[in-house]
2 protein chains.
Amino acid sequence: MTTDEPRTDPTRRAGVRQVAERAGVALSSVSRVLSGHPDVSELMRHRVLDAVAALGYEPDHLAQSLRRGASMTVGYVVGDISNPLTAQIALGAETALRRAGYSLLLVNSTSDPDLDAQHIRLLRQRRTDGLLLAMADERHAATIAELERYPGPCVLVDRVCAKLPRASGVHSDHRAGLSAAVEHLYRLGHRHIALVNGDPRVLPARERAAVLRRFARGVPDLEVTVRPGGFTAAHGRDATAALLAGGAGRPTAVIAGGNQILPGVLAAVRAAGLTVPTDLSLVTCDQVALVEFLRPPLATVTRDLGDLGEVAAALLLERLSGRARRRVTLPTGFRADHSCAPPPKRPT
Amino acid sequence: MTTDEPRTDPTRRAGVRQVAERAGVALSSVSRVLSGHPDVSELMRHRVLDAVAALGYEPDHLAQSLRRGASMTVGYVVGDISNPLTAQIALGAETALRRAGYSLLLVNSTSDPDLDAQHIRLLRQRRTDGLLLAMADERHAATIAELERYPGPCVLVDRVCAKLPRASGVHSDHRAGLSAAVEHLYRLGHRHIALVNGDPRVLPARERAAVLRRFARGVPDLEVTVRPGGFTAAHGRDATAALLAGGAGRPTAVIAGGNQILPGVLAAVRAAGLTVPTDLSLVTCDQVALVEFLRPPLATVTRDLGDLGEVAAALLLERLSGRARRRVTLPTGFRADHSCAPPPKRPT
DNA sequence: GTGAAAGCGCTAACAT
DNA sequence: ATGTTAGCGCTTTCAC
C-alpha cells in the first residue's frame with residue numbers, strides 16, 4: 001500500500017472538502033473555481049477541475065441555497081393541475097423558469113381557498129424565491145394575509161387583487177374574445193343569450209359576466225342571463241338544464257364559461273334533445289382538445305395558455321432580478337363556427 | 001427604555017436563535033420542543049411555544065433539509081405536463097405526496113431523452129429524496145446511467161426497464177383493455193384492423209402493438225397493421241391518411257394509440273370524407289374530455305390515471321420508509337360505443 | 001431535563 | 001492569486 005491519501009468512504013459523495021484535499025488547495029479556491037470567480041490562475045483552475053472530474057463531484061444545491069440565501073426554486077399554486085388549461089400554463093412557466101436556472105415546486109389546492117393559504121405558508125417555509133399563483137378566491141382573507149407575509153415576489157396568473165399592490169400579474173383580456181362572440185350572436189339575431197359561468201371569485205368569470213351585462217345595457221332589446229357557479233361539469237349541466245326548461249323565455253344561445261363547464265352544457269343540451277345550432281347556438285371559452293371535432297364544431301373564445309405561463313415566468317424573473325412590478329394583459333380571440341346560427345323562429 | 005432585550009433587526013425573520021434568547025433557554029431546547037422530543041418539561045414547552053408565537057417563528061425548511069439529510073422533496077420527470085393524462089397523474093401523485101409531507105418538483109423534458117437524463121442529474125443535485133419518472137425512452141443509455149447514479153428510490157410511471165432492477169414501478173395493463181377492443185372489432189366482422197401507435201420506446205405503445213400482433217397470430221383470417229410514430233396529432237393524421245389511401249387493402253377499423261394521436265386520426269378520417277362507423281370503425285385509447293360528445297361517441301380503452309399517480313406516490317413513500325421495491329399493474333377497461341359497427345361490404 | 005458544542009456542505013468576507 | 005475563518009439555520013450527539 002503506497003497510497004498516502006486518507007481513504008475516504010467511497011460510498012459517500014465527494015464534497016468541496018474532498019475536492020480541495022485531492023487537489024491540494026483550499027476549500028475556498030475550489031468554490032471560486034466552480035463559481036467562476038475572475039481571480040483564479042490557470043494552474044489552479046486545472047488542478048481543481050481535474051479533482052472534480054476524478055471524484056465526480058457535484059455541488060450540493062441545498063447547501064448552496066442555504067448559504068447563498070436563494071433556493072432557485074419557485075412555487076406554483078394551482079387549483080387543479082389536471083385541468084389541461086392549468087397544465088398548459090405550467091408547461092410554459094416551467095420551461096421559462098428552468099432556462100433561468102429555477103425549478104418549479106407544484107402545489108395543488110383543489111380550488112380550496114384555505115389550502116391556497118396553507119400552501120403559500122409551506123412555500124415560504126421552503127424558502128422558495130418567488131411564487132406563481134392562481135388562487136381559488138382573489139379576496140380570501142387568509143390567502144391575502146399569507147401573501148403579504150411572503151417575502152419574495154409574486155405573480156398572479158389570470159387573477160387580480162387590489163389588496164396586493166406588490167404583486168405582478170398577467171391575465172387574458174377575457175372581454176375582447178367574449179365581446180366578439182356576443183356581438184356575433186346578436187348579429188345572427190339572438191335576443192336572449194345565457195352565460196353558464198364559473199366562480200365569480202376569480203377574474204375570468206367576473207370579466208365574462210361583465211361583458212354580457214355591459215353589452216345588454218347598450219342594446220335594450222337583448223336579454224342576458226348569467227348563471228354563476230363552480231368551474232365544473234355538474235354546474236354546467238344543472239344550470240343549462242334549468243335554462244333550457246325555461247319554456248318560451250329560454251335563451252336561444254348559450255355560452256359555456258370554461259372548459260370544465262362545457263361537458264356539462266353539452267350533456268344538458270343532448271338530454272333536452274336539442275339540435276345545435278338549429279334549436280340552440282353554442283359558444284365555449286378556451287380551446288381544448290377535440291372541440292373542433294364536435295358536430296357541429298364549436299365556436300370558441302381562444303387564447304394562448306402557454307404564453308400565459310411564459311409571461312408569468314418572465315414577470316417573476318424580472319422581479320427576482322430586482323426590476324419593478326408589472327401587469328400584462330394578453331389577447332383573446334373568437335373563432336366563429338357552425339355551432340352558431342340564427343335563432344329558431346319563435347311561435348307568436 | 002426599560003427593555004433589556006437586545007434589539008434584533010425586526011425586518012429579519014426570527015430563527016431558533018432568537019426564539020431561544022427570548023425564551024431564555026438553549027437553542028437545543030427550542031429544537032427539541034419543536035421536533036416533539038419526549039424529554040421536555042411542561043414549563044420548557046410553554047416558554048418555547050410562547051416565544052415562537054410571539055416572534056412568529058417558522059422553521060427554515062432548507063436548513064432542516066441540510067442538517068437532516070432529507071429534503072422532503074420528490075422530483076417528477078415528465079415528457080409533457082400539458083398532456084391531460086400526465087397532468088392527471090401529477091395530480092394524484094402530488095396529493096398523496098403532500099399528505100406525507102413531501103413536495104413535488106416538476107420538470108418537463110418535452111419527450112427528449114437527453115433532457116430526461118439532464119433532469120435526473122438536476123434532481124440529484126437538488127437532493128430530492130426520490131423520483132417519479134415517465135421517461136421518453138426506456139432504453140436511453142444516458143437516462144439509465146443517471147438513474148443508476150441517483151442515490152434515492154425511483155418509481156417508473158407507466159414505464160418498465162429491465163436494466164433498473166432497483167426501481168419500483170406502476171403501469172397500466174394496457175393489454176387487457178385493448179384486447180377487449182380488438183376482440184369486439186373482430187366479432188363485429190372486421191378482418192383488417194390498424195393501430196396508429198405511439199413511440200415503441202415506451203411501454204404503452206409496445207404493449208398495444210403486442211396485443212394486435214398476438215391476436216393476429218391466433219386468428220389467421222385477421223390482418224393487422226401497426227404504424228408506430230410519435231405521440232402526436234401530426235403522426236396520427238399522416239399515418240391514418242396513408243392507411244385510408246390503401247384502396248381495397250385498407251383497414252376497416254382504426255385504433256388511435258393515445259389521446260395525442262386521436263385528433264390527427266379524426267382529422268384524417270374527416271379529410272377522407274369517411275363516415276364513422278359506416279365506412280370505418282374507430283377506437284381510441286384513454287378517456288379524455290369530450291370523447292363522449294363526439295358523433296358518434298368513441299369506443300374507448302379506459303383507465304384511471306389519478307390512481308396511477310397515487311400508486312406511484314405510494315410506491316415511492318414505501319421505499320422512502322425503507323420497505324422493499326415493488327411493481328404494480330393497474331387495470332384497463334374497454335367501453336364499446338357507436339363508433340364501432342360491422343365493416344362495410346367489400347365489392348367482390 | 002437541559003445546555004454546550006460540533007457540523008450538514010457550502011460561500012464570502014477577510015487576510016496575506 | 002490563494003488560504004483561513006466565520007457562519008447560513010438547524011439538529012444532534014455529548015455532557016451534566
Side-chain angles (χ1 to χ4, degrees), chain A residues 8-9 11-49 51-52 55-73 101 124-129 151, chain B residues 8-9 11-49 51-52 55-73 101 124-129 151:
Chain A
T8 46
D9 182 353
T11 69
R12 181 161 166 162
R13 336 179 11 137
V16 266
R17 178 78 158 276
Q18 285 71 33
V19 175
E21 268 170 18
R22 167 131 194 167
V25 302
L27 270 79
S28 48
S29 298
V30 176
S31 179
R32 267 188 292 252
V33 168
L34 264 40
S35 54
H37 192 97
D39 297 344
V40 277
S41 69
E42 269 312 302
L43 176 63
M44 175 65 85
R45 158 162 279 108
H46 268 92
R47 291 174 63 148
V48 168
L49 291 181
V52 163
L55 295 170
Y57 166 78
E58 284 178 352
D60 185 322
H61 205 286
L62 224 50
Q64 289 181 322
S65 296
L66 181 63
R67 185 57 235 247
R68 289 179 172 156
S71 65
M72 298 306 283
T73 304
R124 179 176 60 229
Q125 291 178 203
R126 280 193 174 258
R127 296 292 181 274
T128 53
D129 296 330
Chain B
T8 47
D9 181 353
T11 67
R12 180 160 165 165
R13 339 180 7 140
V16 268
R17 178 77 159 276
Q18 285 71 33
V19 174
E21 268 170 17
R22 168 131 192 168
V25 302
L27 269 79
S28 45
S29 298
V30 175
S31 180
R32 267 190 288 255
V33 168
L34 264 39
S35 52
H37 191 97
D39 296 345
V40 277
S41 68
E42 268 314 300
L43 176 64
M44 174 65 83
R45 158 162 279 108
H46 267 91
R47 289 175 64 150
V48 168
L49 291 181
V52 163
L55 295 171
Y57 166 78
E58 284 179 351
D60 185 321
H61 204 287
L62 225 49
Q64 290 181 322
S65 296
L66 181 63
R67 185 55 238 248
R68 289 178 171 157
S71 64
M72 299 306 284
T73 305
R124 179 175 60 228
Q125 290 178 205
R126 281 192 173 258
R127 298 291 183 273
T128 52
D129 296 331

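Each chain gets a letter, A, B and so on, in the order the sequences are listed, and its residues count up from 1.
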Calculate, to the nearest 0.5 Å, the distance between atoms [atom1] and [atom2] belonging to [X] and [Y] respectively.
| X | Y | atom1 | atom2 | answer |
| --- | --- | --- | --- | --- |
| A:M44 | A:E42 | CE | CD | 11.5 Å |
| B:L62 | B:R67 | CG | CZ | 15.0 Å |
| A:S65 | B:H61 | OG | NE2 | 13.0 Å |
| A:T128 | A:M72 | OG1 | CE | 13.0 Å |
| B:R68 | B:S35 | CZ | OG | 6.5 Å |

What is the separation between atom [atom1] on [X] and atom [atom2] on [N], rounded to the nearest whole Å?
| X | N | atom1 | atom2 | answer |
| --- | --- | --- | --- | --- |
| A:R17 | D:dT5 | CZ | P | 13 Å |
| B:H37 | D:dT12 | NE2 | C1' | 10 Å |
| B:L62 | D:dC10 | CG | C1' | 11 Å |
| A:L27 | D:dG7 | CG | C1' | 14 Å |

- Any donor-acceptor pair under 3.5 Å joining the side chain of B:S31 to the base of D:dT12? no

- Are B:D39 and B:R32 ion-paired here, with the side-chain N under 4.0 Å from a carboxylate O? no

- Query: A:Y57 pairs by side-chain contact (heavy atoms from CB on, under 4.5 Å) with which of A:V52, A:L49, A:V48?
  - Reply: A:V52

- Message: Please compare A:S35 and B:S29 by the position of their nearest nucleotide in DNA chain C and report the one closer to 5'.
- Response: B:S29

Shortest non-hydrogen contact from [X] toward [Y]:
| X | Y | result |
| --- | --- | --- |
| A:A23 | A:A51 | CB-CB, 3.8 Å |
| B:P59 | B:Q64 | CB-NE2, 3.5 Å |
| B:D60 | A:R127 | OD2-NE, 3.1 Å |

- Query: What bend angle does the helix from C:dG1-D:dC16 to C:dT16-D:dA1 show across its length, from five-pair end axes and to the nearest 10 degrees?
  - Reply: 40°

- Query: For DNA chain C, which nucleotides open and close the run of contacts to chain A, 5' to 3', at under 4.0 angstrom from a non-hydrogen atom?
  - Reply: C:dG9 to C:dA13

- Does atom NE2 of B:H37 have more than 12 heavy-atom neighbours, drawn from other residues, nucleotides or ligands, at distances under 6.0 Å? yes

- Item | Of B:V30 and A:L66, the one whose closest DNA chain D nucleotide lies more 5' | A:L66

- Task: Would you jot down, in residue-number order, the residues of residues 39-49 of chain A having a non-hydrogen atom under 4.0 Å from DNA chain D?
- Result: A:D39, A:V40, A:S41, A:M44

- Could you pull out all residues at least two apart from A:R126 that satisfy side-chain hydrogen bond (donor to acceptor under 3.5 Å, both in side chains)? B:T73, B:S103

- Query: Among all residues two or more places apart in sequence or in another chain, which pass the side-chain hydrogen bond (donor to acceptor under 3.5 Å, both in side chains) test with A:E58?
  - Reply: B:R124

Distances for protein N/O vs nucleotides 14-16 of chain D N/O pairs under 3.5 angstrom?
none

- Message: Looking at D:dT11, I'd like to know if its phosphate oxygens (OP1 or OP2) sit under 4.0 Å from a side-chain N or O belonging to B:R68.
- Response: yes

- Just checking B:G69: base, sugar-phosphate only, or nothing, at a heavy-atom cut-off of under 4.0 Å? nothing

